[in-house]
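Here the structure comes first, spelled out in structure tokens, and everything after it is commentary.
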Amino acid sequence: MPRNPYADPILAWYATNARDLPWRRPDASPWGVLVSEIMLQQTPVVRVLPIWEEWMTRWPTPAALAAEPPGEAVRHWGRLGYPRRALRLHAAARAIVERHGGEVPAEYADLRALPGIGDYTAAAVASFAYGRRHAVLDTNVRRVLARAATGAEYPPNSLTVAERKLAESLVPLDPAVAPKWAVAVMELGALVCTARSPRCADCPISARCAWRLAGRPPHDGPARRGQRYAGTDRQCRGRLLAVLREAAGPVPKSALDEVWADAVQRERALDGLVADGLVEPLPDGAYALPGHTVADASTG
DNA sequence: TAGCCGTGGCG
DNA sequence: TCGCCAAGGCT
């Protein structure tokens, strides 16, 4: 039995089925790869594409972003969601300038030490941008391995030691092949071995997929907890931050009061945004995105 | 470690 | 319609 019985068919499938994504092109910089990975966290590719293009034009290097106030990163994050990612990406850019001379580091440990970069993103950037050998374990890969190797429809709720050991055992030994395997198995999960309705007829490893061979038994464990959204603090935070994103400068508190009726929840959410550094209260009682430049009010 | 953190499209 | 889901990280 080869080290990884799935590698050859998945690599062959990837060669003809991979999407042409800008951060995968040869001219993509490590910075472009890093930005894409942060934006893609919990966010579909189609929504990331235009924002990524805008960021690459506006801030082609970590130094370019680092030179801006953090609020500009939040503003140009738009409606991608989870805006703390924008704040952390800005902080990562400044750390890259200060600690790494403005170059995105290639070492996993250095990447992992940057704000907003966890185990997955550090491995992904090291692998995709620098060709390093790493087990790149995202939700797609976990699902593919759960089905193919374990015979379960879905992976466990949280990453287990067994999953990590399995993934690491499958990383090709050839350093030139390892990063190709990482991106290929991820792509298979994104396009074919999907969560809702997997397209087993189009899968290059269906003949050796334990889950399919078992008749695709449904998930039997505890149901995954669905997360409500309407009426939550998260929705309230989103409303408040949208007001600040769309305003050219500081806004009076009344502008925030207008977008959420429940005053108790509104204050709690606003306090949370301030605590997170996403919103800055000003001495005059107004609110702004963090680090905004005070406009010159002496003209006119 | 389980809960929190946005947003929008799809089955 | 509405719950589920999308290249996670942090505490």
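On a predicted model such as this, the values are computed, not experimentally measured, just so you know.
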Side-chain N or O of [X] closer than 4.0 Å to phosphate OP1/OP2 of [N]:
X       : N     : answer
A:Arg79 : B:dG8 : yes
A:Thr43 : B:dG6 : no
A:Arg88 : B:dC5 : no
A:Gln42 : C:dG8 : yes

Expressed as a whole number of angstroms, how long is the span from [X]:[atom1] to [N]:[atom2]?
X        : N     : atom1 : atom2 : value
A:Leu80  : B:dT7 : CG    : C1'   : 9 Å
A:Tyr120 : C:dA7 : OH    : C1'   : 4 Å
A:Leu87  : B:dC5 : CG    : P     : 16 Å
A:Asn157 : B:dA2 : CG    : P     : 8 Å
A:Leu49  : C:dA7 : CG    : C1'   : 13 Å
A:His219 : C:dC5 : NE2   : C1'   : 14 Å
A:Leu159 : C:dG8 : CG    : P     : 12 Å
A:Leu111 : C:dG9 : CG    : P     : 12 Å

Nearest heavy-atom contact between A:Pro62 and A:Gly102 is CG-O, 3.6 Å
Across the strands shown, which category fits [X] at heavy-atom distances under 4.0 angstrom: base, sugar-phosphate, nothing?
X        : answer
A:Gly118 : sugar-phosphate
A:Leu21  : base
A:Asp119 : sugar-phosphate
A:Thr121 : sugar-phosphate
A:Trp23  : base
A:Ala195 : sugar-phosphate
A:Arg142 : nothing
A:Leu241 : nothing

Closest to the [X] side chain: [options]?
X        : options              : result
A:Arg143 : C:dC10, C:dG9, C:dA6 : C:dA6
A:Arg196 : B:dC5, C:dA7, C:dC5  : C:dC5
A:Arg19  : B:dG6, C:dA6, C:dA7  : C:dA7
A:Arg245 : B:dT7, B:dC5, C:dA7  : B:dT7

| message | Is it the case that the side chains of A:His76 and A:Glu54 hold a donor-acceptor pair, with the cut-off being a distance below 3.5 Å and no angle test? | response |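 Yes - a donor-acceptor pair under 3.5 Å links their side chains.
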The residue, A:Leu114 or A:Asn140, whose nearest nucleotide of DNA chain C is more 5′ is A:Asn140
**Asked** Between A:Thr194 and A:Gly116, who's closer to the 5' end of DNA chain C by nearest nucleotide?
**Response**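 Looking at DNA chain C, the more 5' nearest nucleotide goes with A:Thr194.
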| task | Kindly indicate whether the side chain of A:Leu289, heavy atoms from C-beta on, has any atom under 4.5 Å from the side chain of A:Glu280. | result | no
Residue pair A:Trp181 / A:Val136, side-chain heavy-atom distance below 4.5 Å: no
Starting from the 5' end of DNA chain B, give me the residue, A:Arg85 or A:Ser158, whose nearest nucleotide shows up first.
->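 Checking each residue's closest nucleotide, the 5'-ward one belongs to A:Ser158.
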Can you work out whether A:Ser197 or A:Arg47 has the more 5'-proximal nearest nucleotide on DNA chain B?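 Closer to the 5' end of DNA chain B: A:Arg47.
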Residues pairing under salt bridge (Lys or Arg N to Asp or Glu O under 4.0 Å) where one sits in residues 28-48 of chain A, two or more places apart or in two chains, turn out to be none
Distance between the C1' atoms of B:dG6 and C:dA6, in whole angstroms?
12 Å
Report task. For B:dA2 versus C:dA7, give the span between their C1' atoms, rounded off to a whole number of Å. Result ->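 Approximately 22 Å lies between the C1' atom of B:dA2 and that of C:dA7.
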| Taking only residues two or more places apart in sequence, or in another chain, which ones meet A:Asn17 in a side chain to side chain contact (heavy atoms under 4.5 Å, CB included)? |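 With neighbours one apart ignored, the set is A:Trp13.
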Check your understanding: Under 3.5 Å, is there an N or O donor on one side and an acceptor on the other linking the side chain of A:Arg234 and the base of B:dT7?
Key ->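 Answer no: no donor N or O sits under 3.5 Å from an acceptor.
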* To do: For A:Arg75 and A:Glu68, run salt bridge (charged side-chain N to carboxylate O under 4.0 Å, His left out): C-alpha distance rounded to whole Å, both residues' side-chain angles, the deciding distance at 0.1 Å, then the answer.
  => CA-CA 11 Å; A:Arg75 182 187 308 283; A:Glu68 298 262 11; over 6 Å; no
